[in-house]
Structures are given as structure tokens and as C-alpha cells.
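A quick write-up on the structure given underneath.
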Amino acid sequence: MTSIAIIGGTGLTSLEGLEITSKETVSIPYGDPSGSISKGKLSGKDILFLPRHGYDHSIPPHKVNYRANIDAIKQLGAEYVIAVNAVGGITDEMQASTLSIPDQLIDYTWGREHTYYEGGDSGVEHIDFTHPYCETLRKSMIAAASQADIAVFDYATYAVTQGPRLETPAEINKYERDGCHIVGMTAMPEASLAREKDLCYASIAVVANMAAGRGVGEITMEEINLNLETGMDRVRSLLSAVISSL
Ligand code: HPA
């Protein structure tokens, strides 16, 4: 059984170096995942890969079927899940193209299908979320980054917004007052669904742009794509390093 799954975000719809051996479709009760799940080998390890926004990047953050994605990778045998998330940098240190391994989050999303426990036959459960990210995997990623000399921040509180629009500077100021370092649209409900399915889930957050009001002028897609190119090169190196170490 394959035990490591990677969920790619904006800027990571394919995984260079992944030798794909099959594309898996899984029948699940929550609708369709973002695409078939690629099974293959990376750094000598069996890997599952799913791009959250679809292989053609056509699914916006609020329309991602997070329940289907997490259930599908669980059914295919995942134990560890490494999520990659493009984010905006709120605080000074979170400059463009930097990487962080978030340790906390605040969920500002609404209206997303966010639990497997809907009552009735599916039951009522209240998962513990003191550590929203799996500390074992976070530590492995931080150690692998240090060994491979890849700069990462070993903390970040991630403000999860509904999107798809970007924020106002006033909203960003509020998130900073709330203690957030980065802002993005995809960490939730992915992280809590992973916990509900007992997966060891952690994230690599890549700063695509300075958040609204934190940089010079308005945020452009050109700027985001340019910064993500550099950031994703670092992510690929980190993925290889951490996968070899797991
Ligand atoms: N805000 C929210 N989500 C994002 C951003 C941002 O500035 N950049 C990339 N994803």
C-alpha cells in the first residue's frame, strides 16, 4: 500500500520526477475528487499525487471537493499527506517565494462541506484540533529542509479565507491582529477532514505574493506566477528531501 500522498496546489499541478505507474479512480460517497489520483515513484518511494484544483487548474478553492479528495487518498492507502499551498505573506518575514511549515490556522471559510460526521448513520464526533497539523510530519519536513539546506520557517499561523477574491488591506490588518502570518484559501477544511480520517497531514506554504496592502500596488497574476516559479523549485527540492527521509 502506498503511504505518502501529495496534494498539489496552485503552481504544482504536476510533479516533476514522478514516474507515474497508474491513474486511479475511486468510487466514494462524496462525489468526485479533483481528478484521478496518480500513483508512482518519487525519490524511490511509492507516492500518490492529486492536484487540488484539477490537472487543468479549473477548480477554484471554494469549489474543491475536499471530502472526496481526502477520502479517495485514504482509500488508496495514504498515511502521510503533504499538502502544498500557495499563500499571501502578511508579516514582514513572509516575503515572496519563501516557504513555511504552518503550525496553526484560523478558519474564516464558510459554506464548505467540512466534515464526515453529519450525524445520523455517519455519527457525531468532535476531533481534537489542538495541533491542526501533524507534528511528526512537520518535524520530518523541518529536519529534511535543514539537512538539505532549504530555508523554511518552522512556524506560521495560516488565515484560511473563502476566496476566490483576494482580501482587502483592512481584512489583512485584522488577520495580522488575530496572529496570522500568511493567508490562503485552501488549508480548510482539508486539514480537519484529514484529521477526521486519521491521516498525518502537514503543509508546505509558499508565498506567492505579499498580501493586500503589504506590497507595492495591486496584486497581479503575473507577480503570483513569477514568485511561484521560484517557490515551487524550492518545494520540489523539499519534497524530494522529505520523502527520502520518511
Ligand atoms: N490571499 C489569499 N490567498 C492567496 C493569496 C492571497 O494574497 N495569494 C495566494 N493565495
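Order of appearance sets the numbers: ligands from 1, and atoms from 1 within every ligand. Residue indices begin at 1 and follow the sequence shown. Note that the structure is predicted; figures quoted are calculated from it, not measured. Heavy atoms only: backbone and side chains are in, while hydrogens, waters and symmetry mates are out.
- Checked against Tyr201 for a side-chain hydrogen bond (donor to acceptor under 3.5 Å, both in side chains), the options Arg195, Arg138, Glu190 give a single hit: Glu190.
- Between the side chain of Asp103 and the backbone N or O of Ala156 there is at least one donor-acceptor pair closer than 3.5 Å.
- Under the 4.0 Å criterion applied to side-chain N and carboxylate O atoms, Arg236 and Asp233 are assigned as salt-bridge partners.
- In this structure, Lys23 is positioned above the aromatic face of Tyr55, its NZ or CZ under 6.0 Å from the six-membered ring centre and within 45° of the axis.
- Taking the six-membered ring where tryptophan is involved, the planes of His57 and His53 are tilted, since the angle between them lies from 30° to 60°.
- A donor-acceptor distance shorter than 3.5 angstrom exists from the side chain of Arg234 to the backbone of Ser97, with no hydrogens or angles considered.
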Under 3.5 Å, N/O to N/O: give me all the pairs between ligand 1 and the protein, one per line with atom names and distance.
residue: ligand 1; atom: 1 (N); partner: Glu167; partner atom: OE1; Å: 2.8
residue: ligand 1; atom: 1 (N); partner: Glu167; partner atom: OE2; Å: 3.3
residue: ligand 1; atom: 7 (O); partner: Asn209; partner atom: ND2; Å: 3.0
residue: ligand 1; atom: 8 (N); partner: Gly88; partner atom: N; Å: 3.4
residue: ligand 1; atom: 8 (N); partner: Asn209; partner atom: OD1; Å: 2.6
residue: ligand 1; atom: 10 (N); partner: Ala86; partner atom: O; Å: 3.4

